[in-house]
Each structure stands twice: as structure tokens, then as C-alpha cells.
Colleague: 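Take a look at this one; I'll ask things after.
All chains are named by letter (A, B, ...) in the order of the sequence lines, taking the proteins before the strands, and each is independently numbered beginning at 1. Just so it is clear, the model here is predicted, and its values are computed rather than measured.
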Protein chains: 2
Amino acid sequence: MDAGGQRPAWTDPSCPVARTVDLVGDRWSLLIVRDAMDGARSFTDFQQRTGIARNILTDRLRRLAAHGLLTQVDAPSGRRRLYALTEAGKDLFPVIVTLRQWGERHAFEAGETHSVLVDGDGARVPDLLPVAANGSPLTSDTTSVRRHT
Amino acid sequence: MDAGGQRPAWTDPSCPVARTVDLVGDRWSLLIVRDAMDGARSFTDFQQRTGIARNILTDRLRRLAAHGLLTQVDAPSGRRRLYALTEAGKDLFPVIVTLRQWGERHAFEAGETHSVLVDGDGARVPDLLPVAANGSPLTSDTTSVRRHT
DNA sequence: CCCTTTGGTTGCAATTTGCAACTCTTGGGA
DNA sequence: TCCCAAGAGTTGCAAATTGCAACCAAAGGG
């Protein structure tokens with residue numbers, strides 16, 4: 001059933017980036033999360049929006065549910081099974097936003113059209129930028145990874 | 001040489017999230033970027049830090065370079081070939097940060113130790129949160145995707 | 001009752017990964 | 001000078017993972 005795999009559970013156990021990538025770092029998981037945030041609820045919603053193969057979709061939905069990002073709810077009337085993001089799943093919103101904003105900046109030729117993320121007033125969501133505790137902008141050159149015990 | 005693939009170039013041509021995932025949404029690319037941001041420069045730097053198979057690393061370095069995220073520079077003295085992030089590559093910093101912060105919040109049991117990201121003063125980098133133009137916090141429920149022409 | 005929709009399985013075939021072993025090019029040392 | 005040890009890749013497979021298509025079962029509707 002489960003792929004199982006003989007990999008050591010975590011690619012790099014102490015790195016939060018690696019753990020997150022282990023959970024959602026494949027071709028489809030983040031697109032499923034994106035669509036869930038955009039209103040997709042049913043198996044066919046996801047299948048049609050992403051174009052993913054059905055057996056893979058089955059696997060990814062179960063995997064995301066197993067890791068606590070999605071819940072499967074049997075709809076009260078009917079055999080439609082509905083999926084919804086958990087709090088942890090919804091908390092991936094900043095990840096989706098930064099991926100989207102990077103794509104908008106670097107993955108389109110000038111003039112190519114693409115969708116944009118807007119707030120309740122229809123205004124474009126401003127770029128997300130890491131800042132220090134004192135509010136100054138940060139880059140990879142002005143930060144470092146500290147071993148935390 | 002190149003895998004080429006028969007996929008239509010982009011999984012979902014108008015979605016910036018999908019394009020970004022097409023470029024870096026695999027098991028290794030983002031970890032390579034993470035290590036580059038943390039000071040990795042040479043082939044073996046990346047190989048040792050990630051534990052990736054050498055042939056895959058070769059492929060990923062070339063692919064990232066082909067897509068403009070990395071540059072390959074032949075070191076002046078010596079046969080070491082050095083890799084460095086381009087501006088586009090460095091611009092993935094917010095993505096790495098949000099992945100890291102999600103991992104810190106959701107991918108560790110209480111008590112498990114993990115690394116943390118700190119600014120120049122050694123203070124932990126605050127969580128990145130999407131906000132509207134007027135500064136109010138945003139979630140997936142209070143934003144929407146607009147077709148942009 | 002029959003037919004359609006939804007949500008999956010199953011059986012392969014085609015890709016992609018990963019492990020090992022092998023190559024090639026410097027740069028030193030003895 | 002000659003030999004050896006990196007560094008940076010190749011190459012050859014074997015093992016996993018993907019994807020396509022066809023098949024199946026349970027509701028609902030007409």
C-alpha cells in the first residue's frame with residue numbers, strides 16, 4: 001500500500017526546511033494545497049484543476065491527510081468525500097504566497113499574462129520580505145542558521 | 001542528455017505557483033538553494049551537506065543554472081568549479097524562510113531540537129506573514145486569485 | 001431498473017532516482 | 001619527475017516513482 005521507502009524518514013532531521021520539503025516537496029502536493037486554498041474540495045475538483053493522474057492524486061491526498069495537512073470528511077448527503085485543509089495546512093499560506101511572488105517576478109517573460117493574488121479590496125498583495133526583529137530587511141547574507149538545542 | 005520529457009513545459013502556464021514548483025519543486029533543488037545561501041560553493045560542499053547522489057546533483061546544478069538560479073564559475077586558481085546564486089536565486093530567500101518557519105511550527109515534536117534562523121544580532125527572525133496593502137494580516141480565506149491580463 | 005457521476009483500483013510502461021564503480025584533470029609531495 | 005590524492009563528473013544498472021487507461025463499486029436520478 002504505502003510506498004514506505006527505505007529512506008531514513010527525514011532527509012536532514014534537524015533542518016526545518018528539509019522536513020517541510022520532505023512533506024510537500026514534490027511536483028503535486030503544493031499545487032493540491034494551492035487549489036484547496038482556492039476552494040477545491042472534492043477528488044475531481046483537484047483532478048481537474050491540477051491534471052494530476054488519479055492514482056497519484058489518491059496517494060497525495062492520503063499522504064497529506066496522514067501528515068495532518070488535510071482532513072477527509074465524508075459529505076453528509078452523498079458519497080462525495082470532501083477534503084479540507086487543517087490548521088497546519090492553512091498555515092502553508094505564506095509558503096504558497098512566496099512561491100507565487102517569486103514566480104511572478106522571475107518565471108514569466110515580459111508580456112506573458114498570469115494570475116495575481118489580491119486581498120479583499122482587490123488590491124495586489126505586497127511582496128513578502130523577511131525582516132529582522134528591529135524591522136530592517138534581511139537577505140541570506142545577513143542571516144545565519146544557528147544550532148538550537 | 002537533457003531529460004526533455006514530453007510534459008507541456010509548464011504544468012499550469014498561467015499560475016506563478018505552478019511555474020515556481022516546476023522549477024524547484026523536487027526533493028533536492030530547494031535544499032541545494034538552502035545550502036548555497038548557507039555558504040556552499042563547490043560540488044562536494046553540496047554533495048556532503050545534502051547527501052544527494054552525485055549524478056542527480058550534477059543534473060540539478062545544471063538545471064538550476066539553465067534556469068538562471070545558479071551560475072557556474074571556474075575558480076581562478078585550481079580546478080574547483082564554484083557555484084553561486086544569481087539574483088533570481090537569492091530572491092528565493094523568502095521561500096526558504098517560509099518553508100523553514102512552517103517546519104519549525106509543524107514538523108517537529110515538542111522537545112525535538114532543530115536549527116533556527118537568526119539575524120546579524122543573533123535574534124530569531126520573526127515569522128513571515130502576508131499582509132494587505134493596508135497592513136492587515138491575510139489568510140487564504142481573505143485573498144483570491146485574479147486573472148491578470 | 002438502467003445509466004451516470006464520483007472516487008477509487010489495477011496493470012503495466014515509461015521515467016526518474018540512487019548506488020557503485022570508473023574516468024579525467026589538476027596540484028602537490030617524495 | 002613520477003605517483004598519488006582530491007575534485008568533479010560519467011556510466012551502468014537496479015529499484016522506485018509516475019502516468020495512462022481500463023476496470024470496479026456505490027449512490028442518485030429518471
Colleague: Which residue pairs pass the ring-ring contact (aromatic ring centres under 6.0 Å, His included) test with at least one member in residues 109-149 of chain A, sequence neighbours excluded?
Modeller: A/F108-A/H114, A/H114-B/H148, A/H148-B/H114
Colleague: Round to a whole Å and report the spacing from CD1 of A/I52 to P of D/dT18.
Modeller: 9 Å
Colleague: Take atom CD1 of B/I56 and atom P of C/dT15, then tell me their distance rounded to the nearest Å.
Modeller: 16 Å
Colleague: Please state how far atom CZ in A/R60 lies from atom C1' in C/dG8, giving the value in whole angstrom units.
Modeller: 16 Å
Colleague: Going by the rule side chain to side chain donor-acceptor pair (under 3.5 Å), which residues pair with B/E112 if we only count those two or more places apart in sequence or in a different chain?
Modeller: A/R19
Colleague: Between D/dA26 atom C1' and A/D74 atom CG, what is the distance in whole Å?
Modeller: 12 Å
Colleague: Which is more 5' along DNA chain C, the nucleotide nearest A/N55 or the one nearest A/Y83? Just name the residue.
Modeller: A/Y83
Colleague: What residues from residues 32-43 of chain B pass a heavy-atom cutoff of under 4.0 Å to DNA chain D?
Modeller: B/S42, B/F43
Colleague: Is B/R63 close enough to C/dT16 that one of its side-chain N or O atoms is under 4.0 Å from OP1 or OP2 there?
Modeller: no
Colleague: Roughly, in whole Å, what's the span from CG in A/L82 to P in C/dG7?
Modeller: 8 Å
Colleague: Quickly, which of A/T20, A/T86, A/D91 forms a side-chain hydrogen bond (donor to acceptor under 3.5 Å, both in side chains) with B/H106? Name it, please.
Modeller: A/D91
Colleague: Describe the nucleic acid contact of B/T44 in one word from base, sugar-phosphate, nothing, applying a heavy-atom distance below 4.0 Å.
Modeller: sugar-phosphate
Colleague: Between B/Q72 and A/G51, which is nearer to the 5' end of DNA chain D once each is assigned its nearest nucleotide?
Modeller: B/Q72
Colleague: Would you list the pairs meeting ring-ring contact (aromatic ring centres under 6.0 Å, His included) in which at least one residue belongs to residues 34-66 of chain B, sequence neighbours left out?
Modeller: none
Colleague: Could you give the CG-to-P distance, from B/D26 to C/dT15, as a whole number of Å?
Modeller: 18 Å
Colleague: Strictly below 4.0 Å: does A/W28 bring a side-chain N or O up to OP1 or OP2 of D/dT18?
Modeller: no
Colleague: Which listed nucleotide (D/dG9, D/dC20, C/dG7) is nearest to the side chain of A/R54?
Modeller: C/dG7
Colleague: Tell me which residues in residues 17-25 of chain B put a heavy atom below 4.0 Å from DNA chain D, sorted by number, or none.
Modeller: none
Colleague: Can you check the B/L57 CG to D/dT10 P distance for me, whole Å?
Modeller: 11 Å
Colleague: Which nucleotide, D/dG9, C/dG8, D/dG19, lies nearest any side-chain atom of B/R81?
Modeller: D/dG9
Colleague: Expressed in angstrom and rounded to an integer, what is the separation of A/L31 atom CG from D/dT18 atom P?
Modeller: 14 Å
Colleague: Counting just side-chain N and O atoms, does A/R80 come under 4.0 Å of either OP1 or OP2 of C/dG8?
Modeller: no
Colleague: B/H67: which residues meet the ring pair (Phe, Tyr, Trp, His ring centres under 6.0 Å) condition with it, sequence neighbours left out?
Modeller: none
Colleague: Does a side-chain N or O of A/R27 approach OP1 or OP2 of C/dT16 to a distance below 4.0 Å, or not?
Modeller: no
